[in-house]
Undergrad: 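Provided herewith is a single structure, encoded as structure tokens, for subsequent inquiry.
Order of appearance sets the numbers: ligands from 1, and atoms from 1 within every ligand.
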Amino acid sequence: MQLSLLENSTPTLNVENRMKELRTLLEYHNRRYYQLDAPEITDAEYDDLFRELSALEERYPELLTADSPTQRIGGAPGGRFRTVTHQLPMLSLENATNDEEIRAKLDQRVKKELGLAESAPVAYMCEPKMDGLAVELLYEQGVLTVASTRGDGITGEDVTQNIRTLRGLPLRLSGDDIPALLEVRGEVYLSLAAFQKINADKEENGEPPFANPRNAAAGSLRQLDSRVTARRPLSFFCYAPGRVQGAEFSSQQDFLNRVAAWGVPVNPLTRLVESVDGAVAYYHEMQQQRELLPYEIDGTVVKVDSFLLQRELGEKSRSPLWAIACKFPPRQAETQLEDILLSVGRTGVITPVAQLRPVVISGVTVSRATLHNWDELAAKDIRIGDTVVVERAGDVIPAVVRVIAERRSGSERSVLPPQVCPECGSPVVRIEGEVALRCMGISCPSQLRESIKHFASRGAMDIEGLGDKVVEQLLSLGLVHTVADLYRLTKDDFMRFERMGDKLASNLLGALEVSKACELARFIFALGIRHVGERTAKALAQAFGSLDHLEKATVEELVSVRDIGATVAQSIFTFLNNQDNRTVISQLRELGVNPAAVAKTVGGRLNGKNFVFTGSLTRFSRDGARKLVEDQGGNVVGSVSRKTDYVVAGDDAGSKLIKARELGINIISEEDFLDLLGTP
Ligand code: IVH
């Protein structure tokens, strides 16, 4: 008797243990993904675990628990922001990974549920699946009042302040028949260019970079300081309604068209197809287009177009029956790490780079991958000879995600950070608070090479033809030791190059000549001052008007420029007061480089007046306000000081308002501000 009981219960006991294990694992990976933005396993691996648990729960329904990850919609919110409850839960989607699954899991199921013949055509809306993070925006009487992240699908985080910094998003809807209440859902994402720039800046500042654009978007949106978010050019595409009062939409197409007409961004690549064949074709087309898009997509989403049919189909615990996510194959691959090389950047940062056994990842052969920095190398315990997972995640250079430790033979070798620069032998230092190692050699050839490339690059002096190959030759012939030397080059110098014709040499000299009359902002950016990107360079050019004025600027004056904090101000000051740099700048001038001073708007209504904007603004965006002020000759500054002339306070204004009161500064409303401008 006892024996048979044991025999019966043993398999269930094992199953029960496995289910418990799967629940714990999934919860753990959910947290890594949703809360820490630092997943440890691939989506496919996560899906496998999830599927295994779902299958077991289906087979042993008595073992299903209320706290199972299959019973909820994602991860819990981070808890730093106020929480917002979604009035209608934000669902997620079931996945298909090939044509057959799109047909079986969507089209056949839809027809079965609706009692339609297999041959009956159902119209679907096809959309790119944006790889960002889902948010919900509430527009009341057409005004954006609350923005929240998806969170666990039931409650998310209040990111209203941060969402307001998205330039492409209307703070107020425009046009006709605007509903009294409209919730729209969509994806916040970062363009690849923006992602790459953020990571370049991070690396430059010795901070660990983001692993992919999705993490960068999430990290940027979930900033407690919305000024940081404002500097990250996040974008938004709307893809679904939430609650609606005062409007009726008949279909997804109708919805997308109407919100687009009210000013909400909708992805122009969405397409209505008349049957599932069209949806499959769209999936293939997008897979091709994926490499050309300026942002990351990880698949397509196909939705039954008619809202009537959507309602009839309804949803199953976690996802709607009327939609499916058609995922692209992962852009990851396994390969052997053959060596760890050292690369020295423009500012002397020494980065470990993996040399890989070439592997094809979605059509592109990958043989190099960044390892980001030495801390990461140590944390991931990456060794020469390891089998590694490599990912192409929107970065120009692919990244090593992790090591497959089970494949180790024991002959793998760890690499220690270098003590001296591999290019010039100078000592290497680690600046406090930074993860980066830097070469301190003033005449390090790698730094020189990178700074010349930067100087000539498109966003900087834009010297056409002065690309990597030309720079390499200039250095190897010893023709250039500082950027000023570029303007001393003669035709004969260029003619010493391999494969250099008369015409090419003339063009290069012409391009150098043209660059002498560059804009001041470009020149400032070209100098390669740490922390000074294009945006900061523009702000400096605008604030100081000439190179002369900028060179004489004090740290206090630099800090009062918009978006410039203490660290950046100090970095600019140190750079401009370094004797070597001063020499190069004066040589550049002597050689005829004369950056065009930007004329400050004088005589405007707000001439010379300093404005601070605080609290949530509803009549205009921060950027719009800045433009209005600057157009009339005024300045917008980040913090309140005695020099501030006006503080424009929106709702929920905090410490800046208090400080303004203390200092007795004019505090005005948004309406007063518009009056000041003379705008009706
Ligand atoms: S529709 C009930 N459409 O994919 C419908 N989602 O796994 C809910 N996503 O959380 C989503 N692009 O973050 C939809 N065009 C699109 C999408 C999209 C990206 C994301 C979204 C959602 C996840 C679903």
Side-chain angles (χ1 to χ4, degrees), residues 30 33-34 37 43-44 46-47 50-51 69-70 72-75 77 86-97 101-102 105-106 110 124-137 147-154 156-157 159 183-190 212-215 217-218 221-222 234-243 249 251-253 255-256 259-260 264-273 279 282-283 286 290 293 295-305 307 309-311 313-328:
N30 252 343
Y33 185 92
Y34 284 105
D37 289 326
D43 286 359
Y46 179 89
D47 287 347
F50 196 96
R51 247 180 254 155
T70 59
R72 56 199 236 138
I73 321 166
H86 302 297
Q87 298 302 309
L88 299 173
M90 289 180 78
L91 304 174
S92 76
L93 297 172
E94 202 176 326
N95 291 336
T97 51
E101 282 189 1
I102 301 176
K105 288 184 168 179
L106 184 68
V110 161
Y124 294 105
M125 180 58 86
C126 304
E127 302 168 6
K129 185 170 187 301
M130 302 300 299
D131 198 9
L133 71 154
V135 297
E136 178 169 77
L137 312 177
S148 50
T149 61
R150 174 171 174 273
D152 64 3
I154 309 292
E157 292 170 328
V159 287
E183 281 174 355
V184 296
R185 285 143 182 210
E187 200 88 343
V188 168
Y189 68 95
L190 264 178
N212 52 46
R214 174 168 39 73
N215 286 6
L221 188 63
R222 293 164 66 200
L234 292 165
S235 310
F236 173 84
F237 276 139
C238 168
Y239 55 63
R243 281 181 305 158
F249 304 109
S251 65
Q252 176 73 353
Q253 185 181 42
F255 167 72
L256 293 179
V259 293
V264 179
V266 170
N267 195 324
L269 296 175
T270 54
R271 184 191 300 166
L272 185 69
V273 296
Y282 181 84
Y283 173 61
M286 283 298 141
R290 177 187 198 189
L293 293 176
Y295 45 76
E296 274 278 270
I297 61 173
D298 59 348
T300 63
V301 180
V302 185
K303 303 167 181 175
V304 169
D305 187 49
F307 279 178
L309 295 185
Q310 283 190 8
R311 276 192 292 274
L313 286 157
E315 68 216 32
K316 226 174 65 176
S317 64
R318 197 168 167 262
S319 27
L321 282 170
W322 43 263
I324 198 152
C326 316
K327 302 274 279 193
F328 293 147

Undergrad: Under 4.0 Å, counting heavy atoms only: does Glu315 come that close to any atom of ligand 1?
TA: no

Undergrad: Side chain or backbone of Ala240 under 4.0 Å from ligand 1, or both, or neither, by non-hydrogen atoms?
TA: neither

Undergrad: Between ligand 1 and Gly186, can you find any atom pair, the residue atom being a heavy atom, that is separated by under 4.0 Å?
TA: no

Undergrad: Could you tell me whether some N/O pair between Glu127 and ligand 1 is separated by less than 3.5 angstrom?
TA: yes

Undergrad: Return yes or no for this condition: an N or O of Met130 is under 3.5 Å from an N or O of ligand 1.
TA: yes

Undergrad: Does an N or O from Ser92, backbone or side chain, lie closer than 3.5 Å to an N or O of ligand 1?
TA: no

Undergrad: Would one find an N or O of Leu91, backbone or side chain, under 3.5 Å from an N or O of ligand 1?
TA: no

Undergrad: Do Glu296 and Tyr189 have a side chain donor and acceptor closer than 3.5 Å?
TA: no

Undergrad: Which part of Leu93 is near ligand 1, with near meaning a heavy atom under 4.0 Å away: side chain, backbone, both or neither?
TA: both

Undergrad: Any side-chain donor-acceptor pair under 3.5 Å between Gln310 and Gln252?
TA: no

Undergrad: What atoms of ligand 1 come closer than 4.0 angstrom to any heavy atom of Pro128?
TA: 12 (N), 15 (N)

Undergrad: What part of Met90, side chain, backbone, both or neither, has a heavy atom within less than 4.0 angstrom of ligand 1?
TA: neither

